[in-house]
There are 2 protein chains.
Amino acid sequence: MTSNISIIGKRLKEARVHAGLSQERLGILAGIDEFSASARMNQYERGKHEPGMEIMKRIAEKLHRPISYFYEVDDDLAHLIEIYGGLDQQRKEKLLAIAVELHGNQSE
Amino acid sequence: MTSNISIIGKRLKEARVHAGLSQERLGILAGIDEFSASARMNQYERGKHEPGMEIMKRIAEKLHRPISYFYEVDDDLAHLIEIYGGLDQQRKEKLLAIAVELHGNQSE
DNA sequence: CGGAAGACTAAGGAATACTTAGTGTTCGGT
DNA sequence: ACCGAACACTAAGTATTCCTTAGTCTTCCG
C-alpha cells in the first residue's frame, strides 16, 4: 500500500471517509452515472486521473467542504479552509476581519 | 466583452494583473513553452480550457498565492486564502488558532 | 465456504487540452 | 494619421487525458 501521490486524492479520501461514504456512493451522489461512479472516484482518489472542476464542485458539496479545500497542498491552510466552511455567517465575517487586521499590522 | 465564465479565469486574471504580468510572460515564467504560452494562458483565463494541477501550482507560485485561491468560488473565502498566503509564519499560526477557537465555541 | 460490499485496475473509445499559425486590439511615438 | 510593438485572443488539428466498460482483488461476516 503506497502513499497517496496527489493532493486531490489525499483530501478526497480524508473527507469521504469522514462522511462515511463509499467511493461509489459518493460518485453517485455527485451525479456520476452509477456504472462508472466506482471506477472514476477511485481514479480520482488514487491520483490516476484529475477530475474537472464541475464534478469537483458537486463532490465538494456532498462532502460539506469548500471546493478549494481539495486543491490546497498546505495542510494548515487546508485546515483553515475546512474550518471556515463550517462556520456560521457571523463567525465567517469575524474571522475574515481578523485576518485583514493581522495582515494590516504586518505591513508597518 | 462578456464577463468571465470560469472561476479559475477570474482569479487568474485578478492575480496576474495585480502582479503586472502579461499572459504570455506568466506562462513562460511558469515553464510553458514560449511558443504556446500566450495561447494556453489565454485559454485558461477565458475559461476555454482547464489547466491541470501541475501547471496551476507553478502559476500560483509565480503569482504568490496559495493554489487553492484559484479554485475557490466564494469571494470572501478566496480573500481569506489570499491573506493567509501573505502572512508570516507566526501570524499564520495565530490565525489558524483563532479559527479553531471560533469553531470550538460554535459547537456548544 | 459463499456472498456481498467496497476498493481497485487495464484497455479502448470518447472527450479535452495543447500547439500552431495566425488575426484583433491598444497604445505610444513620429 | 500612420506605424510598429506588445498584448489579447482564436480556430483547427493533433496530442493527451479522461471516462466507460468489464472485470479482479480484498475484506468481512453469516
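Order of the sequence lines sets the chain letters (A, B, ...), proteins ahead of strands, with each chain counted from 1.
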Inset, instruction - Can you sort out which residues in residues 28-44 of chain B have a heavy atom within less than 4.0 Å of DNA chain C? Ascending by number, please. - result: B:Phe35, B:Ser36, B:Ala39, B:Arg40, B:Gln43, B:Tyr44
Legend entry - Residue A:Gln23, side-chain atoms from C-beta onward, closest of C:dA17, C:dA7, D:dA8: C:dA7
Legend entry - Exceeds 12 heavy-atom contacts within 6.0 angstrom, atom CD of A:Gln89: yes
Inset, instruction - Pick out which of A:Arg40, A:Met41, A:Arg46 makes a side chain to side chain contact (heavy atoms under 4.5 Å, CB included) with A:Gln43. - result: A:Arg40
Legend entry - D:dA8 OP1/OP2 closer than 4.0 Å to side-chain N/O of B:Arg16: yes
Legend entry - Minimum heavy-atom distance between B:Ser6 and B:Gly47, given as atom pair plus value: OG-CA, 3.6 Å
Inset, instruction - Provide, to the nearest angstrom, the distance between the CZ atom belonging to A:Arg25 and the C1' atom belonging to C:dA5. - result: 13 Å
Inset, instruction - Please determine which of B:Leu80, B:Ile81, B:Ile67 meets the side chain to side chain contact (heavy atoms under 4.5 Å, CB included) test together with A:Leu77. - result: B:Ile81
Polar atom pairs (N or O), protein with nucleotides 24-30 of chain D, under 3.5 Å:
none

Legend entry - Nearest-angstrom distance from the residue atom CD of B:Glu54 to P of D:dT16: 17 Å
Inset, instruction - First locate atom CG of B:Leu87, then atom NE2 of A:His103, and finally report the distance between them rounded to the nearest 0.5 Å. - result: 7.5 Å
Inset, instruction - Test the B:Arg11-B:Tyr71 pair against the cation-pi criterion, namely NZ or CZ under 6.0 angstrom from the six-membered ring centroid and within 45° of the ring axis. - result: no
Legend entry - A:Glu24 CD to D:dT20 P, straight-line distance once rounded to whole Å: 13 Å
Legend entry - Hydrophobic cluster membership, B:Ile32 vs B:Ile28, 4.5 Å side-chain cutoff: no
Inset, instruction - Establish, with yes or no, whether the OP1 or OP2 oxygen of D:dA8 is under 4.0 angstrom from a side-chain nitrogen or oxygen of B:Arg46. - result: no
Legend entry - Pairs flagged by salt bridge (Lys or Arg N to Asp or Glu O under 4.0 Å) wherever residues 91-104 of chain A is involved - sequence neighbours left out: A:Asp88-A:Arg91
Legend entry - Pairs flagged by salt bridge (Lys or Arg N to Asp or Glu O under 4.0 Å) wherever residues 49-69 of chain B is involved - sequence neighbours left out: B:Glu14-B:Arg65, B:Glu54-B:Lys57, B:Arg65-B:Glu82
Inset, instruction - Specify the angle, to 10°, made by the local axes at the two ends of the helix from C:dC1-D:dG30 to C:dT30-D:dA1 when five pairs are taken at each end. - result: 30°
Show me the donor-acceptor pairs, under 3.5 Å and distance only, between side chains in residues 17-27 of chain B and residues at least two apart or in other chains.
residue	atom	partner	partner atom	Å
B:Ser22	OG	B:Arg25	N	3.0
B:Gln23	OE1	B:Asn42	ND2	3.0
B:Gln23	NE2	B:Glu45	OE2	3.3

Inset, instruction - Could you check B:Lys48 against A:His49 and say which one's nearest nucleotide on DNA chain D is further toward the 5' end? - result: B:Lys48
Inset, instruction - Rounded to the nearest angstrom, tell me the gap between atom NZ in A:Lys13 and atom P in C:dG6. - result: 15 Å
Inset, instruction - Specify the separation, in whole Å, of atom CE of B:Met53 and atom P of D:dT17. - result: 16 Å
